[in-house]
Amino acid sequence: MSMDKPEPWQWPEETWRRITGRARAGRSLRPASWPNGARCAVAISFDADHETIPLRDGDESPMRISQGQYGNRQAIPRIRRLLERESVPASFFYPAVSALLYPDEVRAIAGDGHEIGIHSWIHEVNTSLPRAAERDLTFLARDTLARISGTEPVGIRTASWDFSVNTLDIIREMKLLYDSSLMADDDPYELEDQGEPTGIVELPPEWIRDDAVYFNMLRFSGLRPYTPPSAVEEIFTAEFDGAWEEGGLYLLTMHPHIIGHRSRLPLLARLIAHMKAKGGCWFATHAQVAAYCKR
């Protein structure tokens with residue numbers, strides 16, 4: 001073992017305090033009440049990765065690429081129809097490469113009144129990048145989405161929720177309203193950096209409320225966890241019921257090429273029906289929730 005790089009059990013207190021002080025949860029931003037007396041805020045989101053996962057991995061397989069294209073050809077039209085029918089706004093987080101592949105899709109979604117948020121350049125892994133590269137790609141992604149959608153994004157979700165030691169500094173430099181990548185709470189909170197409040201709202205996601213962990217399948221690996229939609233619906237519904245009981249935020253993350261299949265999207269329709277039957281729900285974009293909590 002080299003003494004130039006001590007083991008974690010050898011760290012002085014200042015080292016682990018510095019590590020845990022990065023992008024730390026500060027004061028809760030859960031409001032005393034939601035707009036119009038609603039009991040629960042519902043923020044539905046879609047990470048429109050499309051072909052960027054295999055592209056990021058340098059995978060030129062036409063089969064893998066075609067799975068991403070499904071998100072554009074079949075899933076997005078189904079999702080847009082469902083959201084329009086239910087009058088539910090949503091947030092769509094785009095890798096810039098996805099937006100460049102399908103600019104008309106992005107413009108149509110923005111035209112529907114949904115939010116377009118930052119989700120990397122090509123779904124890169126931030127923790128593997130030098131700081132300068134992460135910064136340049138994030139700024140480029142923001143500018144690309146602004147140009148295509150016609151509105152500058154105010155929020156970010158890092159690809160795979162991979163938040164590097166430099167990400168918060170970059171978000172602060174960009175003066176974004178919110179992030180949605182970290183998981184220290186169920187409800188919105190303010191991000192702190194080494195004890196200093198940043199003014200940035202964190203809208204925490206969780207793998208429990210993500211479709212990919214239940215439905216993803218990699219052909220040449222042990223990752224084949226196909227879960228029946230009924231089981232995923234049960235989990236998503238239980239998470240919502242808990243948020244409703246506590247008067248908090250219910251944030252759901254999905255991916256068009258995953259949730260948009262014929263057997264799966266109906267679970268979202270049934271979940272929305274359950275929310276409306278329960279009553280007292282404020283359906284809002286991530287930007288709307290973050291702005292309300294910050295006020």
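What you see below is based on every heavy atom in this structure, not just the backbone, and it leaves out hydrogens, waters and symmetry mates. Since we're looking at a predicted model, the values are computed, not measured.
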(request) Indicate, with yes or no, if the rings of F240 and H274 have centres closer together than 6.0 Å. (result) yes

(request) Using only heavy-atom distances, determine whether the side chains of E105 and H50 contain a donor-acceptor pair under 3.5 Å. (result) yes

(request) Report yes or no: is the cationic atom of R39 (NZ for Lys, CZ for Arg) under 6.0 Å from the centre of the six-membered ring of W34, at an angle within 45° of the ring normal? (result) no

(message) Return the CG to OG distance between L267 and S230, rounded to the nearest 0.5 Å.
(response) 9.0 Å

(message) Regarding S164 and E134, do their side chains bring together a donor and an acceptor under 3.5 Å, going by distance alone?
(response) yes

(request) Might you point out which heavy atoms bring L145 and G117 nearest each other, and give the distance in Å? (result) CD1-O, 3.4 Å

(message) What verdict does the salt bridge (Lys or Arg N to Asp or Glu O under 4.0 Å) test give for E190 and R27, after you've listed the backbone C-alpha separation in whole Å, the side-chain angles of each residue and the deciding distance to 0.1 Å?
(response) CA-CA 6 Å; E190 182 178 16; R27 64 188 174 119; 2.6 Å; yes

(request) Please report the C-alpha distance between I44 and T285 in whole Å, then the side-chain angles of each, then the deciding distance to 0.1 Å, and finally whether the side chain to side chain contact (heavy atoms under 4.5 Å, CB included) criterion is met. (result) CA-CA 7 Å; I44 292 174; T285 66; over 6 Å; no

(message) Please tell me whether R157 and S45 have a donor and an acceptor in their side chains that are separated by less than 3.5 angstrom.
(response) yes

(request) May I ask you to check whether H114 and F92 place their ring centres under 6.0 Å from each other? (result) yes

(message) Does E173, at its CD atom, have more than 12 non-hydrogen atoms belonging to other residues, nucleotides or ligands within less than 6.0 Å?
(response) yes

(message) Which heavy atom of V201 sits nearest to which heavy atom of A290, and what is that distance?
(response) CG2-O, 3.8 Å

(request) Show your reasoning for whether ring-ring contact (aromatic ring centres under 6.0 Å, His included) applies to Y70 and H261. (result) CA-CA 9 Å; Y70 184 92; H261 287 272; 4.1 Å; yes

(request) Could you check R56 against E124 for salt bridge (Lys or Arg N to Asp or Glu O under 4.0 Å), going step by step and ending with a plain yes or no? (result) CA-CA 6 Å; R56 173 204 63 197; E124 60 273 6; over 6 Å; no

(message) Would D169 and R135 count as a salt bridge (Lys or Arg N to Asp or Glu O under 4.0 Å) here? Give the steps.
(response) CA-CA 9 Å; D169 286 343; R135 180 188 180 279; over 6 Å; no

(message) My understanding is that only one of D47, D49, N72, I76 makes a side-chain contact (heavy atoms from CB on, under 4.5 Å) with P256; could you say which?
(response) I76

(message) For Q69 and Y102, which I'm curious about, is there any donor-acceptor pair between the side chains at under 3.5 Å?
(response) no

(message) For the residue pair R264 and F215, would you count it as a cation-pi contact if the rule is NZ or CZ under 6.0 angstrom from the ring centre and within 45 degrees of the ring axis?
(response) yes

(request) Verify side chain to side chain contact (heavy atoms under 4.5 Å, CB included) between E206 and E239, making sure each step is shown before the conclusion. (result) CA-CA 10 Å; E206 226 298 325; E239 281 284 314; 5.9 Å; no

(request) Would you check if there is a donor-acceptor pair between the side chains of H255 and D211 at a distance under 3.5 Å? (result) yes

(message) As a quick check of understanding, evaluate side chain to side chain contact (heavy atoms under 4.5 Å, CB included) for F163 and D179, giving each step before the final call.
(response) CA-CA 10 Å; F163 202 99; D179 172 71; 3.7 Å; yes

(message) Is it true that R172 and T198 share a donor-acceptor pair across their side chains at a distance under 3.5 Å?
(response) no

(request) Decide yes or no on ring-ring contact (aromatic ring centres under 6.0 Å, His included) for H123 and H119, but give the supporting numbers first. (result) CA-CA 7 Å; H123 216 280; H119 194 51; 5.1 Å; yes

(message) Within the 3.5 Å criterion, strictly below it, is a donor on S160 or D162 matched to an acceptor on the partner's side chain?
(response) no

(request) Kindly check if the number of other-residue, nucleotide or ligand heavy atoms within 6.0 Å of CD (E84) is above 12? (result) no

(request) Test R80 against D112 for salt bridge (Lys or Arg N to Asp or Glu O under 4.0 Å), laying out the working first. (result) CA-CA 8 Å; R80 288 181 61 203; D112 290 344; 2.6 Å; yes

(message) Is it the case that the side chains of E51 and S98 hold a donor-acceptor pair, with the cut-off being a distance below 3.5 Å and no angle test?
(response) no

(message) Tell me if the CD atom of E60 is crowded by more than 12 foreign heavy atoms within 6.0 Å.
(response) no

